[in-house]
> 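Just dropping this structure here.
Within every chain, numbering begins at 1; the chains are lettered A, B, ... in the order of the sequence lines, protein sequences first and strands thereafter.
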Amino acid sequence: MKFFNTLTRTKEEFVPLKPPHVGLYTCGPTVYDFVHIGNLRAFMFDDLLRRWLEYRGFNVTHVMNITDVEDRIINKVRESGKPLKEVTNLYATAFLADLDRLNVKRAHIIPRATEAIPGMIAMIEKLIAGNHAYVSDDKCVYYSIKSFPEYGKLSHRQVGDQSTAVARIKSDDYDKEEMADFALWKAWDEKDGDVKWDSPWGPGRPGWHIECSAMSIQHLGETFDIHCGGEDLVFPHHEDEIAQSEAATGKPFVRYWLHNAHLLVEGKKMSKRFNNYYALGDLLAKGWSGREVRYVLLSAHYRDPLNFTMDGLQAARSALQRMDEFLLKLDANPAGIVPDLQSRFDAAMDDDLNTSAALGALFEFIREANKRTIAASEAAAILATWQRIDQVLGFGMPVKSEAPAEVLALVEERQAARKAKNFKRSDEIRDQLAKQRWGIEDTPKGPRAKRI
RNA sequence: GGCGGGUUAGCCAAGUGGUAAGGCGGGAGUCUGCAAAACUCCUAUCGUGAGUUCGAUUCUCACACCCGCCUCCA
């Protein structure tokens, strides 16, 4: 099993620290608004990775944080006049519901930043004691980049490089020793209202990066296996996490860093301005299912930009119908050869989670299987394999819809009309059933009613 | 300006130093009373230019366009 590690920029064989255990930390949302389809791609990727590890027999501990204190949240609190908890609970609850609708597995542990502040303070104290951080005149605490020579190893950039934007930009807001230094603790300000916690440096709130260091270490240990996030988090967020964590513990922080690419919507950067900004709820309101969204999000490799389109959703709907059709008929029909479905699927996924190739293997299998008559014993084997694979893809197995008695009566009536060569009547009945979303297939074994 | 990613058929999207998976859509058939489902065939010289090579879509170098990061955005 190989994964592309951002740290080394190469595909590496994955070997956990303590097999079969795997510690997995994935960056969760900042709950200041409903998540959008781009955010969801990241969480889908986390889910895929976690499912693949479990499929491969690893015992995964999956931790995903919820960031419930941050500038934009504070803005929301101020604008709405509602307490912090109320604002963050609203969006956190909606977020988890979105995950459910996409059939994303819940992380085993979902810590919230505001519940982990003592741990963050302890870590900051450790950093100050080790001369990796300093308290400024404005009562903020900053991390000193120059105290960590390896800073930049994840994002592969040189700090202090005059060509970087960071070096060019002037900061009037904060009292940092060096531009690239980042806040570990932000002193309370009037505009923060009630949002504040006591600390050895006075009231304030934690900086953004420290929460992930504190919470991941608390739940997974000082060195753990995998840390994920969107590619935008590589710098500065994850770079800063490394700096804080390794300076505080003196140990390597994360062994494999995996980052997913962003997506485009209808070929363009997603933006409210382009009218192509979608939350999951927007798509569901248009009649798409979570399953269809899931399919689209899994159809491209996670490290490539994905073009999310309405046409793509339609294509996903058709593709899923093809799968369902195959599976639903399987027990009645059944398998020549269950060729290398499993091995091809496994090989594709082992190669840095190549879902496109994995889906390709599935469809090639469907075509081969559809060509032949399948014995019942083989049908059972196929279904068992498919169910195993679906533990990873998470589309769910199709459920046969049982037609109600009145539909079945019409089906029989139509069949009688056909026997009597009364095709006008039989077509009428078919049209009538179609209006009730029931389709008919005339098979050698007789008519089959199916949901359409 | 720095770093990174991308550019494959109408759309989406894998992949390989020896002329390119899969899905969707479209066209033509088989089957069917007609359909549906399924199956068969057709639907790409892999952004542009040059180089390396017996041979490149795949390697190298330019160029173009797109995208991400470079001040807390997945």
Side-chain angles (χ1 to χ4, degrees), chain A residues 6 9 26-30 35-46 67 70-72 152 155-159 161-171 173-174 179-180 182-183 186 207-209 228-237 239-240 259-264 267-270 295-296 299-301 303-309 311-323 325-326 328-329 333 344 348 351 354-364 366-367 369-372 418 421-423 426-427 430 434 439-444 447-448 450 452:
Chain A
T6 307
R9 286 184 177 170
T26 63
C27 274
T30 299
V35 297
H36 55 67
I37 191 65
N39 297 312
L40 291 172
R41 183 186 195 192
F43 303 120
M44 274 296 317
F45 161 60
D46 299 338
T67 298
E70 192 259 357
D71 289 4
R72 287 164 301 171
S155 55
H156 301 91
R157 67 186 72 201
Q158 301 283 313
V159 252
D161 182 339
Q162 290 306 307
S163 64
T164 64
V166 167
R168 290 201 308 268
I169 290 161
K170 291 200 170 185
S171 169
D173 296 348
Y174 298 108
M179 270 317 311
F182 57 91
K186 295 181 173 184
W208 177 40
H209 317 297
C228 300
E231 60 183 349
D232 57 300
L233 295 182
V234 174
F235 188 89
H237 186 52
E239 194 70 71
D240 291 350
H259 295 94
N260 63 278
H262 284 196
L263 53 72
L264 300 173
K268 284 184 288 198
K269 183 178 174 175
M270 182 168 54
Y295 185 98
V296 172
S299 64
H301 183 80
R303 281 192 293 115
D304 282 335
L306 162 74
N307 190 8
F308 190 94
T309 66
D311 284 352
L313 281 166
Q314 182 58 53
R317 175 169 293 176
S318 298
L320 284 165
Q321 273 167 6
R322 181 169 161 79
M323 278 189 194
E325 197 72 47
F326 170 70
L328 286 173
K329 285 179 177 173
N333 198 359
R344 285 189 60 194
D351 183 15
N354 192 335
T355 45
S356 305
L359 288 172
L362 257 56
F363 282 108
E364 280 186 47
I366 287 176
R367 179 154 40 72
N370 275 333
K371 283 182 194 175
R372 60 192 100 216
R418 291 182 69 221
K421 305 265 186 214
N422 184 356
F423 297 121
S426 68
D427 289 351
R430 185 165 58 194
I440 302 244
E441 277 181 34
D442 294 319
T443 74
R448 164 179 176 249
K450 64 171 181 180
I452 54 174

> Of the options B:rA74, B:rA13, B:rA14, whose atoms approach the side-chain atoms of A:Asn260 most closely?
B:rA74
> Does A:Lys269 make a side-chain N or O approach to OP1 or OP2 of B:rC73 shorter than 4.0 Å?
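Indeed not, no polar side-chain atom of A:Lys269 lies that close.
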> Please report the distance, rounded to the nearest Å, between CG in A:Asn354 and P in B:rG15.
5 Å
> Mind checking the C1' distance from B:rC59 to B:rU52? Whole angstroms is fine.
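To the nearest whole Å, 8 Å.
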> Starting at CG of A:Asp71 and ending at C1' of B:rU71, how long is that distance when rounded to a whole Å?
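Atom-to-atom, A:Asp71 to B:rU71, this comes out as 11 Å.
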> On a whole-Å scale, what distance lies between the C1' atoms belonging to B:rU43 and B:rA36?
24 Å
> With heavy atoms under 4.0 Å as the rule, sort A:His237 into base, sugar-phosphate or nothing.
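Nothing, no heavy atom under 4.0 Å.
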> From the options B:rA37, B:rC70, B:rC67, select the nucleotide whose nearest atom is closest to the side chain of A:Lys329.
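In terms of side-chain proximity for A:Lys329, the closest of B:rA37, B:rC70, B:rC67 is B:rA37.
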> Please state how far atom NZ in A:Lys268 lies from atom P in B:rC12, giving the value in whole angstrom units.
14 Å
> Among residues at least two apart in sequence or on other chains, which ones pass side chain to side chain donor-acceptor pair (under 3.5 Å) with A:Asp304?
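For A:Asp304 there are no side chain to side chain donor-acceptor pair (under 3.5 Å) partners, ignoring immediate neighbours.
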> Holding to side-chain contact (heavy atoms from CB on, under 4.5 Å), I want the full list of residues that pass it with A:Ala183, two or more places apart in sequence or in another chain.
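For A:Ala183, the residues satisfying side-chain contact (heavy atoms from CB on, under 4.5 Å) (neighbours in sequence not counted) are A:Tyr142, A:Lys186.
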> Roughly how far apart, to the nearest Å, are B:rG18 and B:rC3 at atom C1'?
35 Å
> Could you tell me how far apart A:Phe235 (CZ) and B:rC72 (P) are, to the nearest whole angstrom?
9 Å
> If I pick the C1' atom on B:rC11 and the same atom on B:rG29, what distance separates them, to the nearest angstrom?
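It works out to 25 Å between them.
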> What string of B, S and - do you get for nucleotides 28-33 of chain B, 5' to 3', if B is base contact, S is sugar-phosphate-only contact and - is no contact with any protein heavy atom under 4.0 Å?
-----B
> Using a cut-off of less than 4.0 Å, is there contact between a side-chain N or O of A:Asn370 and OP1 or OP2 of B:rA38?
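Negative; the distance criterion is not met.
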> Just checking, any donor-acceptor pair under 3.5 angstrom between side chains of A:Thr30 and A:Glu70?
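Not at all, the side chains of A:Thr30 and A:Glu70 share no donor-acceptor pair under 3.5 Å.
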> If you round to the nearest 0.5 Å, how far is CD1 of A:Ile452 from CD1 of A:Ile440?
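Here the interatomic distance stands at 9.5 Å.
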> Could you list the residues that satisfy side-chain contact (heavy atoms from CB on, under 4.5 Å) with A:Leu362, not counting sequence neighbours?
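For A:Leu362, the residues satisfying side-chain contact (heavy atoms from CB on, under 4.5 Å) (neighbours in sequence not counted) are A:Met323, A:Leu341, A:Phe345, A:Leu359, A:Trp386, A:Ile389, A:Leu393.
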> Can you check the A:His259 NE2 to B:rC67 C1' distance for me, whole Å?
17 Å
> Taking atom CG of A:Asn260 and atom CZ of A:Arg303, what is their separation to the nearest 0.5 Å?
11.0 Å
> Tell me which nucleotide among B:rC72, B:rG6, B:rA37 gets nearest to the side chain of A:Arg72.
B:rC72
> In whole Å, what is the span from the CG atom of A:Asp232 to the P atom of B:rC72?
10 Å
> May I ask whether A:His262 stacks on the base of B:rA74, given the cut-offs of 5.5 Å between ring centres and 30° between planes?
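Yes, the aromatic ring of A:His262 stacks with the base.
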> Starting from Watson-Crick (N1-N3 plus N6-O4 or O6-N4) and G-U wobble pairs under 3.5 Å, report the runs of at least three that RNA chain B belongs to.
B:1-7 with B:64-70, B:10-12 with B:22-24, B:25-30 with B:38-43, B:47-51 with B:59-63
> Take atom CG of A:Asp304 and atom P of B:rU8, then tell me their distance rounded to the nearest Å.
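In whole Å, B:rU8 P lies 11 Å from A:Asp304 CG.
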> Among B:rC24, B:rC3, B:rA36, find the nucleotide with the atom closest to the side chain of A:Glu441.
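Shortest atom-to-atom distance from the side chain points to B:rA36.
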> Not counting sequence neighbours, which residues clear side-chain contact (heavy atoms from CB on, under 4.5 Å) with A:Lys421? List them please.
A:Phe423
> Given atom CD of A:Glu239 and atom C1' of B:rC72, what is their separation to the nearest angstrom?
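The distance from CD of A:Glu239 to C1' of B:rC72 comes to 15 Å, rounded to the nearest Å.
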> Can you check nucleotides 19-22 of chain B for protein contacts, nitrogen or oxygen pairs under 3.5 Å, and list what you find?
| from | atom 1 | to | atom 2 | distance (Å) |
| --- | --- | --- | --- | --- |
| B:rA21 | O2' | A:Glu364 | OE2 | 2.3 |
| B:rA21 | N1 | A:Ser356 | O | 3.4 |
| B:rG22 | OP1 | A:Arg367 | NH2 | 3.0 |

> Holding to ring pair (Phe, Tyr, Trp, His ring centres under 6.0 Å), I want the full list of residues that pass it with A:His259, two or more places apart in sequence or in another chain.
A:His238
> What I want to check is whether an N or O donor and acceptor connect the side chain of A:Lys186 with the base of B:rC72 at under 3.5 Å.
yes
> Pick the closest RNA chain B nucleotide for A:Met270 and for A:His156 by heavy atoms, then say which residue is nearer the 5' end.
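Its nearest nucleotide lies further toward 5', so the answer is A:His156.
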> Can you list everything that forms a side chain to side chain donor-acceptor pair (under 3.5 Å) with A:Thr26? Sequence neighbours excluded, please.
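With sequence neighbours excluded, A:Thr26 shows a side chain to side chain donor-acceptor pair (under 3.5 Å) to A:His62, given in chain and number order.
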> Taking only the side-chain nitrogens and oxygens of A:Arg303, find out if one of them lies under 4.0 Å from OP1 or OP2 of B:rG5.
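No.
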> Quote, to the nearest angstrom, the C1' distance that separates B:rG22 from B:rA62.
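Those two atoms are separated by 34 Å.
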> State which residues pass side chain to side chain donor-acceptor pair (under 3.5 Å) with A:His237; sequence neighbours excluded, sorted by chain then number.
A:His209, A:Glu241
> Under 4.0 Å, heavy atoms only, any strand: does A:Gly312 hit a base, just the sugar-phosphate, or nothing?
nothing
> Using atom P in both nucleotides, what's the gap between B:rG10 and B:rA37 to the nearest angstrom?
25 Å
> Would you measure the distance from the P atom in B:rG15 across to the matching atom in B:rU8 and give it in whole Å?
14 Å
> Give the nucleotide from the list B:rA36, B:rA13, B:rC24 with an atom nearest to the side chain of A:Ala300.
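Out of B:rA36, B:rA13, B:rC24, the nucleotide with an atom closest to A:Ala300's side chain is B:rA13.
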> Under 4.0 Å between a Lys/Arg side-chain N and an Asp/Glu carboxylate O for A:Glu239 and A:Arg157?
no
> How would you label the contact of A:Leu233 with the nucleic acid (heavy atoms, under 4.0 Å): base, sugar-phosphate, or nothing?
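A:Leu233: backbone/sugar contact only, no base atoms under 4.0 Å.
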> Using a heavy-atom cut-off of 4.0 Å across all strands, would you classify A:Leu263 as base, sugar-phosphate, or nothing?
base
> Could you work out, with side-chain contact (heavy atoms from CB on, under 4.5 Å) as the rule, every residue matching A:Asn422, not counting sequence neighbours?
A:Ala417, A:Lys424, A:Arg425
> Please figure out whether A:Ala315 or A:Glu70 has its closest RNA chain B nucleotide nearer the 5' end.
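Its nearest nucleotide being more 5', the pick is A:Ala315.
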> How far does the P atom of B:rA35 sit from the matching atom of B:rA28, given to the nearest Å?
12 Å
> Check side chain to side chain donor-acceptor pair (under 3.5 Å) between A:Arg448 and all other residues, then give those that pass, not counting sequence neighbours.
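Partners of A:Arg448 under the side chain to side chain donor-acceptor pair (under 3.5 Å) test: A:Glu325, A:Glu441.
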> Is it the case that the side chain of A:Asp351 and the backbone of A:Asn354 share a donor-acceptor pair, with hydrogens and angles ignored and the cut-off at 3.5 Å?
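Between the backbone of A:Asn354 and the side chain of A:Asp351 there is no qualifying donor-acceptor contact (under 3.5 Å).
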